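Single-structure report; data block below.
In this text the structure is predicted, and so the values were computed from the model without any measurement. Scope of the values below: all heavy atoms of this structure, side chains included, with no hydrogens, waters or symmetry mates.
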Amino acid sequence: MKKFGFWCLCGFVYPMALYAQPVSGSGAVSGRVWDRGGEGIPDTTVEVSNDALGVKRVLNTNIDGMFEATGLPPATGYRLQVTRQKFSSWERREIEIRAGQRLDFQITLYAESKAKKKAAGDEAVEVDDATGGVATTAMARELEQLPVRERRWTDLSLLAPATTGSRAHGVPAHHGEESLNSYLTDGIETANLYRPSEKSGTARLPMEAIAGFQTIASGASAEFGGALGGTVNAVTRGGGNGFHGSAYGSFSNSSLAATGRYTLGNNLFRNSNQGGWSLGGPIQRDKLFFFANMELLDSHREGLNRITNPVIASLAGDKVNTANCTATIAQCTAAAKFIQSQMNVLVPQAEHWVSGLGRVDYRR
């Protein structure tokens with residue numbers, strides 16, 4: 001099987017406050033700023049920034065002191081800064097935002113005269129990691145450190161509750177459903193709706209091209225609709241203000257693989273070679289960024305043509321059971337000879353992939 005896949009994504013990120021917006025394909029930071037009496041402080045300047053990614057959002061709280069910044073690329077190293085005249089400023093660094101995650105901050109600002117009596121970091125702050133539904137998330141470090149079979153990052157979605165793998169199609173099954181799931185790539189539905197049991201475009205992306213993903217097993221909010229099973233919300237990697245690149249490879253052969261329990265002593269796995277490269281960085285600092293990835297896969301194995309139906313085969317599964325044949329002796333003999341020639345035969349299988357991702361981000 002030979003396949004070629006290429007993805008090209010262009011992202012336009014606008015530095016403005018968008019209220020009540022979904023966070024599929026991104027993350028969000030929201031919250032409320034209030035004084036010691038519990039009253040919201042309007043017109044407070046809130047800045048959400050990430051110097052490495054060139055992200056900077058500046059917005060003001062509304063009359064109730066509430067704010068929300070959406071469409072934030074999943075990453076670590078975010079900074080949240082809150083300033084207001086006649087009030088002490090507040091700041092939190094090294095914030096991590098995950099795919100599909102909404103962090104909610106409840107921030108208390110003190111008048112400058114009162115703030116001098118408080119030590120730095122004594123402000124009462126509550127952070128609510130609100131993802132919605134029964135969900136799990138994974139970032140780039142989990143993808144790099146956790147073991148996955150043949151570098152198929154979708155296997156990590158099995159960590160979500162009520163999720164299992166489909167042996168027939170090699171896709172996650174949520175609540176036993178493998179064909180009624182939703183796959184989002186950067187907020188865009190990429191499931192194969194014509195043949196739902198096949199792998200989606202999201203699942204075919206290389207692991208090196210994924211910045212993080214979220215698996216929602218149940219209770220998904222409205223923006224993740226369209227799935228009776230579950231939802232896999234993936235975000236691709238993007239560029240930043242610093243150049244970064246990598247070259248990687250993975251090799252395995254039959255000596256590294258165990259013999260299957262039902263393969264009659266045959267080691268069906270032969271070998272697999274997988275390798276690629278990625279490169280990202282700025283085209284114009286703080287404005288325009290790029291990321292590119294290319295990966296090749298060359299895999300060989302064998303399939304075992306087993307017939308275990310007791311009407312056709314013996315209990316041992318090694319010969320044809322002619323006792324159930326109701327045709328003539330000649331016809332039964334000919335049919336048994338044909339079926340016997342197909343039983344427990346090794347069938348060569350191969351998989352060849354060339355997969356690529358190209359992405360350009362512009363931040364106004």
Side-chain angles (χ1 to χ4, degrees), residues 1-5 147-152 154-158 162-181 183 191-201 203-204 227-230 232 250-274 296-355:
M1 179 174 60
K2 295 184 178 180
K3 297 280 186 177
F4 175 81
V148 292
R149 178 174 54 93
E150 298 179 356
R151 296 179 57 81
R152 298 180 181 179
T154 51
D155 285 355
L156 294 180
S157 65
L158 303 181
T163 305
T164 186
S166 168
R167 292 182 177 272
H169 301 99
V171 297
H174 305 274
H175 307 282
E177 288 288 348
E178 62 183 43
S179 60
L180 298 175
N181 302 315
Y183 293 87
N192 189 337
L193 302 179
Y194 181 73
R195 293 181 177 177
S197 60
E198 290 191 359
K199 290 182 181 179
S200 70
R204 298 184 189 278
L228 294 179
V232 177
S250 174
F251 170 77
S252 59
N253 56 23
S254 57
S255 63
L256 302 174
T259 302
R261 182 176 181 180
Y262 303 104
T263 59
L264 303 180
N266 297 294
N267 193 335
L268 303 181
F269 183 77
R270 288 293 170 257
N271 59 71
S272 176
N273 292 280
Q274 193 172 9
L296 294 88
L297 170 66
D298 183 21
S299 178
H300 299 269
R301 65 190 69 212
E302 292 178 327
L304 182 62
N305 187 21
R306 293 208 65 188
I307 301 176
T308 58
N309 190 328
V311 178
I312 300 175
S314 63
L315 294 178
D318 57 349
K319 60 181 180 180
V320 178
N321 184 6
T322 57
N324 296 319
C325 183
T326 59
T328 64
I329 297 178
Q331 290 174 333
C332 290
T333 303
K337 183 179 179 181
F338 174 78
I339 296 175
Q340 187 69 50
S341 65
Q342 305 296 318
M343 292 183 67
N344 302 325
V345 174
L346 294 175
V347 181
Q349 298 177 345
E351 186 176 11
H352 306 282
W353 276 94
V354 178
S355 180

Do [X] and [Y] have side chains that get closer than 4.5 Å, going by heavy atoms?
X      : Y      : result
Lys319 : Met343 : no
Leu156 : Val148 : yes
Arg270 : Asn253 : no

Spacing of Ser355 atom OG and Gln274 atom CD [to the nearest 0.5 Å]: 10.0 Å
Output for pair (Asn344 CG, Arg306 CZ), nearest 0.5 Å, gives 6.0 Å
Minimum heavy-atom distance [X]-[Y], with the two atoms named:
X      : Y      : value
Ser341 : Val345 : O-CG2, 3.2 Å
Ile307 : Ala313 : O-CB, 3.3 Å
Ser254 : Phe269 : CB-O, 3.1 Å
Cys332 : Ala327 : SG-O, 3.6 Å
Ser250 : Arg151 : CB-CD, 3.9 Å
Asn266 : Leu304 : ND2-CD1, 4.3 Å

Evaluation steps, side-chain contact (heavy atoms from CB on, under 4.5 Å), between Leu346 and Leu268: CA-CA 8 Å; Leu346 294 175; Leu268 303 181; 3.7 Å; yes
Applying side-chain contact (heavy atoms from CB on, under 4.5 Å) to Glu351 and Asp298, what does each step give before you reach the verdict? CA-CA 6 Å; Glu351 186 176 11; Asp298 183 21; over 6 Å; no
Start with the C-alpha gap between Asn321 and Val311, add the side-chain angles, then the distance that decides, and say whether side-chain contact (heavy atoms from CB on, under 4.5 Å) holds. CA-CA 7 Å; Asn321 184 6; Val311 178; over 6 Å; no
For residues Thr263 and Asn267, is any side-chain donor paired with an opposing acceptor at under 3.5 Å? no
Regarding Asn271 and His300, do their side chains bring together a donor and an acceptor under 3.5 Å, going by distance alone? no
Answer yes or no: are there more than 12 heavy-atom neighbours, outside Phe251 itself, under 6.0 Å from its atom CZ? yes
Heavy-atom donor-acceptor pair, Gln342 side chain to Asn305 backbone, under 3.5 Å: no
